[in-house]
Amino acid sequence: MELQLGHRSLPTYNFIENFDLNNDGFEPKDQMLGSKPWISCEDGNNMDNKRSSEVAFGKNTRYASRELPLLLWSGQPNDEDDWNGEKKISCSINKNGEEENRVEGWPPINSWRKKVLHQDQDQARHVMNSSRMAAAGNYENGDGSNSKYVKVKMEGVAITRKIDLRLYNSYQTLTKSLTSMFAKCQNLGNDAARYSLTYQDKDGDWLVAGDVPWQSFMESVQRLKIVRNAG
Amino acid sequence: MLRKASSFPEEMLEHVLSFITSDKDRNAVSLVCKSWYEIERWCRKRIFVGNCYAVRPEMVIRRFPELRSVELKGKPHFADFDLVPDGWGGCVYPWIAALATAYPLLEEIKLKRMVVSDESLEVIAKSFKNFKVLVLSSCEGFSTDGLAAVAANCRNLRGLDLRESEVDDPSGQWLSRFPDSFTSLASLNISCLGAEVSFSALERLVGRCPDLKTLRLNHAVPLDKLANLLRGAPQLVELGTGAYSAELQPDVFSNLAGAFSGCKELRSLSGFWNVFPGYLPAVYPVCSGLTSLNLRDANIQGADLIKLVSQCRSLQRLWVLDYIEDIGLEALAACCKDLTELRVFPSDPYGAEPNVSLTERGLVSVSEGCPKLQSVLYFCRQMTNAALVTIAKNSPRMTCFRLCIIEPRAPDYQTLQPLDLGFGAIVENYKDLRRLSLSGLLTDRVFEYIGTYAKKLEMLSVAFAGDSDLGLHHVLSGCEKLCKLEIRDCPFGDNALLANAAKLETMRSLWMSSCSVSFRACKLLGQKMPRLNVEVIDERGPPDLRPENCPVEKLYIYRTIAGPRFDMPGFVWTMNGDSV
């Protein structure tokens with residue numbers, strides 16, 4: 001039984017016998033009506049695939065003698081109506097996105113960049129720290145702390161963002177930046193006053209931001225949350 | 001009266017040919033007749049070898065005795081995503097050694113995805129007296145010792161570009177090896193270097209090279225030093241900054257802003273690692289003239305990012321992280337009417353949840369607002385057929401369309417249908433499409449559309465798509481200009497491959513990994529097609545220890561006149577003829 005899908009189909013002839021370099025390419029249309037069946041090279045057991053199509057199998061070939069099973073083509077072209085999610089192949093990415101469960105090489109990000117970016121952040125932090133220390137400014141970061149990227153969640157907003165606290169030197173600059181970041185999705189405008197900034201500290205407690213000096217805040221903050229004021 | 005081609009004076013033809021520089025045209029000229037073949041080969045100056053294993057260096061040298069520029073590519077494209085194991089090959093040394101002997105007047109070497117040793121760099125440095133341009137794109141295997149040799153010996157060097165290469169044991173002292181008398185540098189790209197370079201050497205170098213037009217620094221060059229560099233090179237056209245953060249100090253800021261104002265020729269900006277937003281306004285004076293802005297490494301978000309981009313009204317090319325969000329892309333569409341290329345990269349590619357509000361709407365806005373859009377690379381987390389159809393109709397000039405929906409096999413999120421129709425509209429409307437990357441949930445139908453409409457398609461990238469061999473068959477039998485096909489994790493097997501074996505000789509290469517091609521089919525293909533190298537990459541061990549119908553891990557097939565290669569590592573097997 002032949003394969004037909006629209007105007008194009010796989011040739012229905014015996015591969016081994018006709019596999020001849022003198023053929024100038026293949027003309028599927030001409031051979032669509034040919035009667036010779038063609039070969040499937042697998043028996044399906046070791047195949048890790050989810051094929052829904054099966055093909056007719058030819059006899060009288062070297063490969064036929066290896067007793068590959070005779071399979072029949074089920075014949076129906078792909079049709080949007082056919083797709084009711086049955087063919088959906090389960091995704092191998094773990095939903096919590098842990099590194100161990102990542103699909104290799106996906107998404108297609110240049111792997112060099114991943115490595116260098118981490119290096120960059122460490123290096124730049126080092127450069128930043130050195131230049132700050134050299135400036136003998138009022139800002140000290142002598143503990144060589146790790147990344148100060150913290151998650152920021154706002155009540156009612158689906159998207160959790162991340163910011164680098166290292167960029168800010170006071171509560172004022174921080175809240176200003178957060179307002180502008182979140183205001184766009186919430187159309188807050190003047191409503192900013194109705195929200196408070198809270199943070200989770202090293203002990204896991206949630207506190208209102210602003211009570212402790214900026215330095216202590218920077219050292220203990222783990223994540224931020226913007227909550228609506230009660231009442 | 002008929003004139004024979006041979007009665008046309010050779011010198012005349014040679015002169016005419018000197019205006020023909022495109023490889024394709026040159027190749028066409030060489031096929032006209034024997035005398036044209038001869039004349040052409042003697043005056044060809046540049047050659048591009050898209051696959052270093054397609055031909056042996058001796059063959060190139062024999063045919064083209066007067067080359068001045070050689071460009072080679074090594075590993076398959078998927079090597080960028082760690083899909084090609086280390087040690088696979090692509091070592092350039094044999095080429096360099098051959099070129100060194102044959103072309104003492106060689107001026108340019110451009111390599112992509114090749115393994116370049118320090119020894120190769122030393123040979124380059126010492127063999128070509130008039131060497132001018134070295135480009136190492138996504139290469140690896142060398143250290144700053146090799147660079148030091150180039151700096152010390154190439155007296156006429158005009159360009160040194162290390163874009164995206166991995167350089168070992170970085171130390172900044174190699175820059176000092178450029179002699180004080182060296183002044184010819186026009187282009188320097190060291191953005192990939194991990195460690196600090198000697199700033200004083202850099203500053204002196206920049207200051208004494210009046211032709212320097214391109215300078216891409218690495219992140220280790222601190223912001224407070226940038227102003228000095230710029231004042232030493234106000235003629236710069238392309239600049240990549242280093243780290244773009246420092247304590248906000250008024251004098252540093254005004255110094256920097258002043259230096260940028262002095263760079264009247266600046267058209268391209270990149271770099272911006274670790275941006276401190278307070279310093280962004282320093283670049284505002286140059287924004288209106290910028291045609292290219294690369295913020296791929298810049299952690300600028302929200303209003304700062306939108307403000308920066310909105311000032312660049314002449315922008316033609318923008319590379320940016322998805323921090324730009326739909327709202328930023330709307331602003332871009334409103335301001336940058338000359339935009340031809342957009343690339344949006346994911347800031348958090350492995351996060352399970354979206355961290356930014358970037359959806360299909362952003363791309364739709366850009367397609368609506370920017371009629372000259374030609375090239376798109378877009379990473380996002382959701383897509384609809386309707387959006388793709390709209391995008392398809394809005395951008396008739398598209399030649400390169402690459403969409404990456406981060407979740408494999410993600411359907412149209414509104415209808416839960418496959419994205420076949422959307423991509424079908426893409427290929428049907430983009431008559432000049434040369435490059436396409438697919439993603440999302442796709443059945444064999446999308447490949448039928450591609451085979452039917454994508455007649456100019458040269459490169460196709462496919463992942464987690466299709467239902468059966470029919471998909472692959474549609475592409476191989478329909479896409480007449482197909483040159484490179486790379487496939488991963490698709491249920492494509494032996495039949496389509498064997499049915500279209502002859503097609504493979506018209507293409508540069510085919511990559512298939514985590515598909516269903518059996519070892520038996522690979523052997524058959526290798527035996528029957530001597531002008532193809534059929535290479536099985538399998539880290540599980542020799543494929544003949546498993547049943548023949550077992551699928552191979554990875555398969556790389558490419559046309560070649562060089563025969564099977566001999567530098568294969570232990571996990572690569574060639575399927576050619578007797579060696580199987």
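Naming: A, B, ... by sequence-line order, numbering from 1 per chain.
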Option in Leu223(B), Asn218(B), Asn299(B), Val356(B) with maximal non-hydrogen atom pairs under 4.5 Å from chain A: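 Ranked by heavy-atom pairs under 4.5 Å with chain A, first place is Val356(B).
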Below 4.5 Å from any heavy atom of chain A, which atoms of [X] appear? Answer side chain, backbone, both or neither.
| X | value |
| --- | --- |
| Arg546(B) | neither |
| Phe78(B) | neither |
| Leu248(B) | neither |
| Asp304(B) | neither |

Partners meeting salt bridge (Lys or Arg N to Asp or Glu O under 4.0 Å) with Arg113(B) (sequence neighbours left out):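 If we apply the salt bridge (Lys or Arg N to Asp or Glu O under 4.0 Å) test to Arg113(B), skipping adjacent residues, the hits are Asp80(B).
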Electrostatic pair Glu325(B):Arg161(A) at N-O distance under 4.0 angstrom: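 Yes, this pair counts.
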NZ (Lys153(A)) with more than 12 external heavy atoms under 6.0 Å: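 Buried by this count: over 12 neighbours within 6.0 Å.
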Phe81(B) and Trp106(A) aromatic centres sub-6.0 Å: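 Ring-ring flag for Phe81(B)/Trp106(A): false, centres at least 6.0 Å apart.
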Pairing residues for Ala298(B) by the side chain to side chain contact (heavy atoms under 4.5 Å, CB included) criterion, not counting sequence neighbours: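 Ala298(B) satisfies side chain to side chain contact (heavy atoms under 4.5 Å, CB included) with Phe272(B), Val275(B), Leu295(B), Ile300(B) only.
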